[in-house]
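Following: one structure in structure tokens, then a few remarks.
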Amino acid sequence: MNRARRDALVGYAFVGPFLLVYAAVLVVPLLMGIVISFNNADLFGRREWIGLANYAQALSDPVLRQAFFNTLTLTLLIVPPLTVIALLLALALNRNTRLAAVLRGVFFSSLVLSVTIVTLIWRFILTPDAGLVAVGLQAVGQPPIPFLSDPAYVIPALAVTTLWWSLGFPIMLFLAGLQQVPGDIYEAAALDGAGRWTVFRRITLPSIRRTLLLVVMLQTAAQLQIFGQAQLLTGGGPGGASRTIVLYIFEVSFGRWELGYATAIAELLFGMILLVTLLQYWFVTRQEGDRA
Amino acid sequence: MSETAPSSQRLSPLVTVLLLIGAGIMLMPMLWTLLLSFKSNAALMADSGSAFMPPWTLENYAAIFQGSLTTRWLINSLIVSTGSTIGVLVLSSLAGYGFARLDFPFRRTLFVIVLLGLAVPEQAVILPRHQLFAMLGLHNSYPGLILPSLTGAFGVFFMTQYFRAIPPELDEAALLDGASRLTLFWKVLLPLTWPAQATLGVFTFLGSWNDYWWPLISATTSDYFTLTVGLASAQMNYAQTSGLGFLMAQAVFASIPILVVYIAFQKQIVRAMAGTAVR
């Protein structure tokens, strides 16, 4: 056996195991999904080719439209505040004191909890019959607020729960980004007598541009797929007021067994996430191009 | 980092107070959960505000060990998360070394195909994957719960970057000494990747431990529930069954293993994030 062939075999031996699993459990389902979305398919294997009919149905489905707007509202209520709060906390906690270390631990802590635990905790903060907020309101003689069953409160309730849960990871990313800003830039700025705000706007912010982009991209993609919080805390109610796109996909596939239609919605969501991510990336890198 | 970098400045009193308030908001929900878990269900039925006052009790924790399914779900979660972690570490290390160091046809193309996987959200594959696994009879089994987490492109990307950062002279020296590729990988390079293994391992374990969507649709008999799915079902049935105190004890009990992992590896995670993950 010649050397090149031997090297190739060794190479495939190393990357092969992963590629096999990757092909079978990711690539194959990805392609299957595209095919299924053109079919009138149920959960039990019935298939009938119907072309674009599922996609046409999706575009005129009022329930999906409501779920789309709920998801969009949640994403807008979560991503900007989350990014700003996480950045501020990272700036404050980026120092070598004991207090900062302890507080970092506190702000990271909720990220290790599962969605089930987070919703359990927040259910008994928000629920009007036994929740912590209701107990507090009762103590000052106020009636409880039905956060989880009043259409005006469900979306903000889900947003607050998600904010509390999601804070840790963006702080970690920002801290990592801040650590990579060279210290001598700050020295030079201090010598020039630059104020804090100037330093932040002219030095810190441009230096962590990439991290900022990463945080916004990851969080947007995550919140467009928000599911567990809505399913467990509100069940999408009342009257669909907190139904999200993925919750609707779950209901259509495992409640109504309309696998073809559910898959078509999932493909649309996939396209939407891809588009939004690319737009965000393009927006930031284009500005970098302008500077150069 | 130098003396004038912001990391060595002291916090102003106002910022400190704001931070402490923020920390209070972060911790309050957890403390509330902890308090509720130490109260009898009957006392909480009457008034959940009584959680702030004694008597507290351990009966809810005792109930977890007496014939509830919670311990079974804990074992399932441990098996699935450990299996996923070992699987990801082995597959990503092998593939990462292969992509970083070895030459074979279509290497670049294959690597790009793997990277494209980073852009595929779970929603795009989860329903057809459910169909596929149904055909293969993989639902309600450990392999069925573990396999999807082994497709993570991030691990391969992460390990490839890490192997690329190791000086290639090391390989050449070892190969000149007559070591085989496998010995070189196993004895020389792998020990150097320990920090990366720890980071990737912790994040994989965490992700798998907290995964909800896939086990929700794949594990449909309560014997194969993981903790997330089990506690979700308990939460849904809360009104009819176990009571608030018991539910909260379950939540605390379910969080303990992951908190231990997190505390044990906290330094490692943060340090490694600063180094590699954000490029």
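Residue numbers start from 1 in every chain, and the chains themselves are labelled A, B, ... in the order their sequence lines are given, proteins ahead of strands. FYI, side chains are in, hydrogens and waters are out, and symmetry mates aren't considered; it's all heavy atoms of this structure.
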Where is the tightest heavy-atom contact between A:W122 and A:L233, given as atom of each residue plus distance?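 Closest heavy-atom pair between A:W122 and A:L233: C-CD2, 4.3 Å.
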Name the option with the most non-hydrogen atom pairs under 4.5 Å to chain B; the candidates are A:I249, A:L113, A:I34.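 It is A:L113.
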List the residues meeting ring-ring contact (aromatic ring centres under 6.0 Å, His included) with B:W32, not counting sequence neighbours, and say none if there are none. B:F52
For a side chain to side chain contact (heavy atoms under 4.5 Å, CB included) with A:Y248, tell me which candidate from A:I245, A:V252, A:V246 qualifies.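 With A:Y248 as partner, side chain to side chain contact (heavy atoms under 4.5 Å, CB included) holds for just one option, A:V252.
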Let me know if [X] has heavy atoms under 4.5 Å from chain B in its side chain, its backbone, both or neither.
{"X": "A:L89", "answer": "side chain"}
{"X": "A:L232", "answer": "both"}
{"X": "A:L224", "answer": "neither"}
{"X": "A:A134", "answer": "neither"}
{"X": "A:L120", "answer": "both"}
{"X": "A:F107", "answer": "both"}
{"X": "A:L132", "answer": "both"}
{"X": "A:S253", "answer": "side chain"}
{"X": "A:L103", "answer": "side chain"}

Give a yes-or-no answer on whether the side chains of A:T263 and A:S37 include a donor-acceptor pair shorter than 3.5 Å.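 Short answer, no.
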Leading residue by heavy atom contact count with chain A [cutoff under 4.5 Å; candidates B:F185, B:Y212, B:F111]: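 Among B:F185, B:Y212, B:F111, the one with the most close pairs to chain A is B:Y212.
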List the atom pairs, donor and acceptor, that lie under 3.5 Å between side-chain atoms in residues 9-21 of chain A and the rest of the protein, sequence neighbours left out.
residue	atom	partner	partner atom	Å
A:Y12	OH	B:P105	O	2.6

